[in-house]
Amino acid sequence: MKKIIAIVTFTILTVILFGALYPIAIWGIAQFAPNHGKGETISVNGKVVGYQKIGQKFNKSNYFWGRPSAINYNASASAGSNKGPSNEEYLKQVQKRIDTFLLTHPYLKKTDIPSDMVTASGSGLDPNISPQGALIQVKRVAEVRKLPEEKVKYLVEKMITKPTVMGTETVNVLELNVALDKLK
């Protein structure tokens, strides 16, 4: 009987600790974060069009495209594909992405395509691409929008985020596309 009471007591304490106290503590900490932990939104004309830190699908030729997503950009199911570089199915999927990218960018060779344009990130929700990934799309976007390439390239270069201390340069695809819509 003592063991049953101990088990029930432990269960109740665990539920209180992890079911109530821990979530309340995390919520309290989030109140000090930007936007009180609700995510950093990007708005256009007062309407939220997306989140700064969550990738979205852009597949129209008049926009810059982001990284492919292993989860179809479903933020509630953040995950990678978990397929290794020797997995046949994965290699076929990457080759299909390369072929599609080359069809819409006929001025490129396979070796010109940065890996981030044909491989999904670990979360499947990466909002950023490499500056090279954005720059190789300039010609397509400029042609479709009937804008000078130099103007679109300048916009991309302006949108490159440098790392604070360590890391790589990135371009946030949603922010770039919002700025692109403002170009005349």
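Reckoned from all heavy atoms, side chains included, excluding hydrogens, waters and symmetry mates.
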Non-hydrogen side-chain atoms of [X] and [Y] separated by less than 4.5 Å:
X: Thr11; Y: Ile7; result: yes
X: Lys139; Y: Leu108; result: no
X: Thr119; Y: Pro68; result: no
X: Val141; Y: Leu180; result: yes
X: Ile42; Y: Val48; result: no
X: Trp65; Y: Gln137; result: yes
X: Gln52; Y: Thr41; result: no
X: Met117; Y: Gln132; result: no

query = Linking I/L/V/M/F/W/Y whenever their side-chain heavy atoms sit closer than 4.5 Å, directly or via other members, would Leu13 and Ile5 fall into one cluster?
reply =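 Different clusters.
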
message = Using the rule that Ile, Leu, Val, Met, Phe, Trp and Tyr join whenever any side-chain heavy atoms are under 4.5 Å apart, tell me whether Val44 and Ile54 fall into a single cluster.
response =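 No; tracing contacts between hydrophobic side chains, which count when under 4.5 Å, never links both residues.
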
ask   = Which of parallel (below 30°), tilted (30 to 60°) and perpendicular (above 60°) describes Phe101 and His105?
value =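 If you compare the ring of Phe101 with that of His105, the planes turn out parallel.
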
Which distance, rounded to the nearest 0.5 Å, do you find between the [atom1] of [X] and the [atom2] of [Y]?
X: Ser76; Y: Leu125; atom1: OG; atom2: CG; value: 9.0 Å
X: Glu143; Y: Asn62; atom1: CD; atom2: CG; value: 13.0 Å
X: Phe10; Y: Leu17; atom1: CZ; atom2: CG; value: 9.5 Å
X: Thr100; Y: Gln95; atom1: OG1; atom2: CD; value: 9.5 Å
X: Ile4; Y: Thr9; atom1: CD1; atom2: OG1; value: 11.5 Å
X: Asp112; Y: Leu135; atom1: CG; atom2: CG; value: 12.5 Å

For [X] and [Y], which heavy atoms make the closest approach, and how far apart are they?
X: Val173; Y: Gly66; value: CG2-CA, 3.7 Å
X: Lys60; Y: Arg140; value: O-NH1, 3.9 Å
X: Leu176; Y: Ala134; value: CD2-CB, 4.3 Å
X: Ala70; Y: Ala120; value: N-CB, 3.6 Å
X: Asn87; Y: Glu89; value: OD1-N, 2.9 Å
X: Ser130; Y: Pro114; value: OG-CB, 4.1 Å

Would you say the side-chain atoms of [X] pair up with the backbone N or O of [Y], donor to acceptor, closer than 3.5 Å?
X: Ser121; Y: Gly124; value: yes
X: Asn172; Y: Leu174; value: yes
X: Ser78; Y: Ser123; value: yes

ask   = Would Val49 and Val178 satisfy side chain to side chain contact (heavy atoms under 4.5 Å, CB included), going step by step from the backbone distance to the final call?
value = CA-CA 9 Å; Val49 293; Val178 167; 4.2 Å; yes

key: Electrostatic pair Arg67-Asp116, nearest N-O below 4.0 angstrom   =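 Judged by the 4.0 Å cut-off on N to carboxylate O distance, Arg67 and Asp116 do not form a salt bridge.
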
ask   = Honestly, is Lys57 close enough over Tyr73, meaning NZ or CZ under 6.0 Å from the six-membered ring centre and within 45° of the axis?
value =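 Judged by the rule (NZ or CZ under 6.0 Å from the ring centre, within 45° of its axis), Lys57 is not positioned above Tyr73.
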
message = Is it the case that over 12 heavy atoms from other parts of the model lie below 6.0 angstrom from the OH atom of Tyr107?
response =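 For Tyr107, atom OH is crowded (more than 12 foreign heavy atoms under 6.0 Å).
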
request  = Starting from the C-alpha separation in whole Å, work towards a yes-or-no answer on side chain to side chain contact (heavy atoms under 4.5 Å, CB included) for Phe64 and Val171.
outcome  = CA-CA 10 Å; Phe64 286 90; Val171 177; over 6 Å; no

task = Take Arg145 and Asp181, measure what salt bridge (charged side-chain N to carboxylate O under 4.0 Å, His left out) needs, and give me the verdict at the end.
result = CA-CA 10 Å; Arg145 288 183 175 250; Asp181 281 341; 2.8 Å; yes

inquiry  = Going by ring-ring contact (aromatic ring centres under 6.0 Å, His included), name the residues that satisfy it together with Phe58, two or more places apart in sequence or in a different chain.
reply    =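 Residues passing ring-ring contact (aromatic ring centres under 6.0 Å, His included) with Phe58: Tyr63.
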
Quick one: side chains of residues 150-167, donor-acceptor pairs under 3.5 Å with protein atoms, not counting sequence neighbours, listed by atom name and distance.
residue : atom : partner : partner atom : Å
Lys151  : NZ   : Lys184  : O            : 2.3
Lys162  : NZ   : Glu169  : OE2          : 2.9

